[in-house]
Structure formats: C-alpha cells, structure tokens
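Sequence lines set the chain letters: A, B, ... in the order given, protein chains first and strands last, and positions in each chain run from 1. As the structure is a prediction and not an experimental result, all values here were calculated from the model.
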Amino acid sequence: MDGRPDPYSAGPPVSCRPNRAGTNSRGWPSQEPSMTTVRTRFAPSPTGALHIGGARTALFNWAFARGRGGRFVLRVEDTDPERSKREYEDAILDGFRWLGIDWDEGPDVGGPFAPYRQSERAGRHLERAHELVAKGLAYRCFATAEELGELRAGQEARKETLRYDGRYRTLDAAEAERRAAAGEAHTIRFRVPDQDSGGETVFDDSIRGRVRFSHAEVEDWIMVRTDGSPTYNFVCVCDDADMQITHVVRGEEHLVNTPKQILLFRALGLEPPVYAHLPLILGTDGKKMSKRTGDTALEAYRVAGHPPEAVVNFLCLQGWALDGEREVFDRSELVEHFDVKDVSKGGSIFDPDKLAWLSGEYLRAEPLEQTLERAAPFLAAAGLLVDGDLEERADFWRLAIESIRERVRLYAEIPAKLAFLFAPDSVLPWDAGAEAKTRANAGAADVLEGLASFLADLPDERFRRATLADELKQWCASQGHKLGAVFQPLRTALTGEPGGPELADVLVLLGRGRSVARLTAAVGRLRAS
RNA sequence: GGCCCCAUCGUCUAGUCAGGCCUAGGACACCAGGUUUUCAUCCUGGCGACGGGGGUUCAAAUCCCCCUGGGGUCACCA
C-alpha cells in the first residue's frame, strides 16, 4: 500500500459534514451559516510560492465576502501528494498575513467544515465517487495510460479533437464491478450526459454573462485516478458543496472546467454556486504572467521592499476600478465598493512602474515610525543598522528616514540613500559627476575651508536642523558668495553625491565633528590635484 | 487545430447593461515649464485611444452581424 485510502472501500474515515453540535475551536455559536450568507473561498495548491495572480483572486474573494457580511474560507488544495509541501502552505498563509487578508476558516484556524486540507477529506470524496458509480452517473474505465496515449496520438495524427472516446462508457456495470473486484487497475470517470444529443451546459458568469458549452465538447473526465486519489475537478466540487460555498471567484483559466463542475453538482443533486471568472494578469508579452516576464511570486514584492498596502491597492487596479478617478484607496474602501460584477473582462498587463509609484505614495504617507520599522530589516541586511542601534540612536534614525523618504519608493532603496552617512570621513567616495562640478568651481576649496571654520565655531544652539539652512545662507551673504557656489561643493564634500537630503539634515545627521572632518578632507582632496 | 473568453491612450482603467450629457474622463510612464541649496516631492501644461467593415437608429465607444487580432484551455496538474 502506498498510504492512500483504499479507493475501493466506501467507508469514510473522516467526516466532512458540518459540525452541528456544540461549538468549534473558535467558539462560534453552534449554528450553520444560513444559505443566504455569502461564502467565498480561495483554494491554493501548496506546490510552490503564492502567485501574484492568486493573491489578487484571494483579495477579490475576501473583499466580496467582507463587503456582504459573508465568510472567507481558505482551503488547501493538496491533492497532488508528489508536489504538495507543508512549507509552501505556510508561506502562502504568511503571504496573506502580510497583505492583511484574514480568513474565517482555514487549515490553521479550523472552522465548522473542517478539515480544510483536501488530503484530509479523501474519505468523503471517495464515498461520493462510489455513490455516483452506483447510480450510473460515473463509471469505471479500465483503459491504461499507454492505451490513452495511443488514442491521443491517433487523434493527433488524424487532426481530430483530442478527447477520451468513451470506450468504457457502455461496459456492463456488473462486468465492471467484477473486474474491479478482481483488482484490475482502473479510473473512475464522470459520465457526461447527452453528449450526442445536443446537450449543453449554460451558466451566467457574474463577470462574463451567459456562457455555454456543448456537452459534445466535454469529455468523460477522470474523477478518481488509478491509484485511488481523487482529481481536482472532482474534489473541488465536493468541497465547495460541503463547505457551502456560494460564490466561486477564480481565474479565467478555470472557465473551461466550469461545465464539468456544474454537471457534477447536478449529478450530486446539488445547486452549483455562482461563478465569476477573473481576467488574467498578463506579463509584458501579453500572455499569462510567467517568471520570464516578471516576478510572479508575491514574496518577491515583499523582498523588493514594497509596502503591502501598495501591493493590495495595485492588485485591485488590475481588473477593477473604484470609480475610475481615484487610484489610491485602502482595504476598507475596497470592501465597501467592491462587487465582482464590476470586474473587467479583459486581461491586464502587469505594470511594475505603476506599482512602484503606488509604493512611493504609501511610503510617504505612512507614519514615520512605520517606515523606520519596515526599513529596518533592509538597513540591517545592508550592514548599516546593528542590533540596538534603533533604540540607542532613535533621533538619528528618525531624521535619517525622514530626510530621504520622499526620495525613495521602496524600503529596499533606503540603504543606498543613507550609505554616505556610514562611509569613512577621510576617504568619502565621490560621484564622478558631482566631483567634476565641484572641481569646475575654482573657489570651491576656499569656500569649503571657510565653511569648515564657520561650522566649527558655530555655537551649539545655532547648529540645529531648523536654523542651519538660514545660517548657511547668511554666511554666504556675509562672504559675498552665491548660494549655488557654496551648496554644491558643500554637498559633494558632505555626501559625495549629486543629490540627496537637505544639507541641514545632512549636517545634523553627521554631526558637527564629522561634518567638519569631511569638509577638511575635501579641501585637501581638491587642492591635491 | 477544436472549444471558450476578450477587444477604449504605450500601460491600468472610467464610460458600454438602461444609445445623445463623450470634440471620450482619470492614473502610470514620457515630454515641457514652475517651486527648491541638489536630487526628489509638489504644482501646471503637453503628448496620446474607441482594431476594421457592415448594419439598426434622427443619433453608436455604447445595440446586432462579420472579419481581424489577442488570450485561455484541450493531463490519471491544479
């Protein structure tokens, strides 16, 4: 045995029915949500990182439920035992926490329809599969993988539509049971009704309107594999039904699965949920976003230093607009205004520039303390921030962040903007352009020398951020220097950069001693050659 | 290729369902000015789209049809 439940026995080891008695682990009252309560779900497959498109799908599901007093469910679709890993599941949940998306039911918090990992619901799935076989709504197929491969090759050669030909569709049921009982390997296929008599499945997609599929185009798909494990389309329906999901909001790639799923709901004697198929998020090549054309993993955007609020806001803008005018809005406004019906139909190309712009907007608008807190890991990684420094030099760090905040868009850009503060005063690296400009100014060395002694002699109470700019301007006036002829060399001497924070901030951040040291070093450097 | 979905500025979109208020609005990007000690922020302005063709109508970005273009999907993956 390979550890999987025996597909040929009907006994469900796990009950997936709602827990009607008592309360669950979260202490909810012992009542089921009424059928009118909106219930949405996001069902990630823990076989890799959370995709940025998946994050948007989850966000829309979340917003839709939250806006209607409904519940948002997280269900782990780990029906692929080979590729599913718990660490991926953990990472996916972390991604949602980072975005600020919370869930009412899920593998970690439980809920009235637990368990929320599909691998733990296998008994219920198989029970249903056998129920359908018994009713003749599904059947056993003894075709081997090789056999099906040949079938496909033949169809391909004849340029026919690739589809299972239903070769075991009409096998006598008793005969099938005998072969199964004898241990012959087989799958269980769904019997699509009215394939040859013009049957069709029609449904009203909340986003796309009426969509129809001819049953002639829907094959008798596999519900249970040879090894006894249930497949996605089958499990998905069982669980959506058991978990009383009312609205299935998912990516457009699932549109073609919908007739299969609706047919299964009907076979099970259940009403299908409302479907809404979201347009795809496209890469710069106009195709479904892939690693080649952009960062597909949500995690990449956290690492790149985007504020999560900006990512959420940006994801909203991919396929949805608040009113067509306002671009910047928060989660609560999303929840208040979002309706799946307003989502656009066409795919959207992911625009990193616009995301970066939004990130800058959020970065500048948030409390300074928050920027500092979020930038800290990046500063630490760059070696600029050591343990305890944030507390010991709180004023320094606050000012440092404030001084460059409107000059960056991502947390990750902050270290580079502050690196000059941590360079050695005697051999500060100079930007080539900045140096050239300074050297072109014949009096620069003399000006810097004058500034050095002026600053060295400036009384402490006048060496303050609020007044330093005026002090410098007055000094310029008193010396008969033009502002530009003084500030440019001063900036080069202090920062080595062509641009950057206000010089008053730089002086305070460096402190009088280091400022004067840098000025003196610059004078020497300019006169040396 | 079969089936399905889609189609407004370079990009994200509003407008399309209930045709006139649209000489098509906003945002990003880009360009040009302004503010500023630099860079940036900020402000002002500019550039820039209804894929094509038929209909219906007094009137079409909006409704219908065809074409073209793009995408998705065709697994014992999800």
- Taking the six-membered ring for Trp, are the ring centroids of A/W320 and A/F338 within less than 6.0 Å of each other? yes
- Task: Report which part of the nucleic acid A/T47 touches: base, sugar-phosphate, or nothing (heavy-atom distance under 4.0 Å, all strands).
- Result: nothing
- Item | Gap between atoms CD and P, on A/E361 and B/C12 respectively (whole Å) | 20 Å
- Is A/D78 salt-bridged to A/R117, going by a charged N under 4.0 Å from an acidic O? no
- Query: B/A29 base to A/K354 side chain: any donor-acceptor pair below 3.5 Å?
  - Reply: no
- Query: Do the side-chain N or O atoms of A/K288 get closer than 4.0 angstrom to the phosphate oxygens (OP1, OP2) of B/U73?
  - Reply: yes
- Query: If you check every side-chain atom of A/L148, which of B/A14, B/A7, B/C76 has the closest atom?
  - Reply: B/C76
- Message: Can you identify which nucleotide, out of B/U37, B/C4, B/C12, has its nearest atom closest to the A/L255 side chain?
- Response: B/C4
- Query: Do the side chain of A/E252 and the base of B/G72 come within less than 3.5 angstrom through a donor-acceptor pair of N or O atoms?
  - Reply: no
- Task: For nucleotides B/G19 and B/A60, find the distance between their P atoms and express it as a whole number of Å.
- Result: 13 Å
- Task: Could you check whether the rings of A/Y301 and A/F350 sit parallel, tilted or perpendicular, using 30° and 60° as the cut-offs?
- Result: tilted
- Message: For a quick check, tell me whether the side chain of A/T226 and the base of B/C76 share a donor-acceptor pair closer than 3.5 Å.
- Response: yes
- Candidates B/A78, B/A14, B/C5 - which lies nearest the side chain of A/T231: B/A78
- Counting heavy atoms from C-beta on, name the nucleotide in B/U37, B/C76, B/C74 closest to the side chain of A/L162. B/C74
- Query: Given the P atoms of B/A14 and B/G26, what is the spacing between them in whole Å?
  - Reply: 15 Å
- Query: Relative to the ring of A/F42, is the ring of A/F96 parallel (under 30°), tilted (30 to 60°) or perpendicular (over 60°)?
  - Reply: perpendicular
- Between CG of A/D295 and CE of A/M289, what distance do you get to the nearest 0.5 Å? 7.0 Å
- Query: Across all strands, who's sitting opposite B/C3 as a Watson-Crick or G-U wobble pair, both distances under 3.5 Å?
  - Reply: B/G72
- Message: My understanding is that a pair needs two contacts under 3.5 Å, Watson-Crick or G-U wobble. By that rule, which nucleotide pairs with B/U23?
- Response: none
- Item | Pairing partner of B/U44 (Watson-Crick or G-U wobble, both distances under 3.5 Å) | B/A32
- B/G2 and B/A18: how far apart are their C1' atoms, nearest whole angstrom? 37 Å
- Message: Ignoring hydrogens and geometry beyond distance, is the side chain of A/R407 in donor-acceptor contact with the base of B/C39 at under 3.5 Å?
- Response: yes
- Task: Take A/G499 and A/G319, find for each the nucleotide of RNA chain B with the closest heavy atom, and name the residue whose nucleotide sits nearer the 5' end.
- Result: A/G319
- Message: For A/E252 and A/R208: C-alpha separation, side-chain torsions, deciding distance, then whether salt bridge (charged side-chain N to carboxylate O under 4.0 Å, His left out) applies.
- Response: CA-CA 10 Å; A/E252 193 190 332; A/R208 281 150 221 287; 3.7 Å; yes
- Item | A/S348 side chain, from C-beta outward: closest of B/A29, B/C6, B/C12 | B/C12
- Query: Mapping A/L317 and A/K473 to their closest nucleotides on RNA chain B, which lands nearer the 5' end?
  - Reply: A/L317
- Query: Does the side-chain ring of A/H254 lie flat on the base of B/A78, meaning centres under 5.5 Å and planes less than 30 degrees apart?
  - Reply: yes
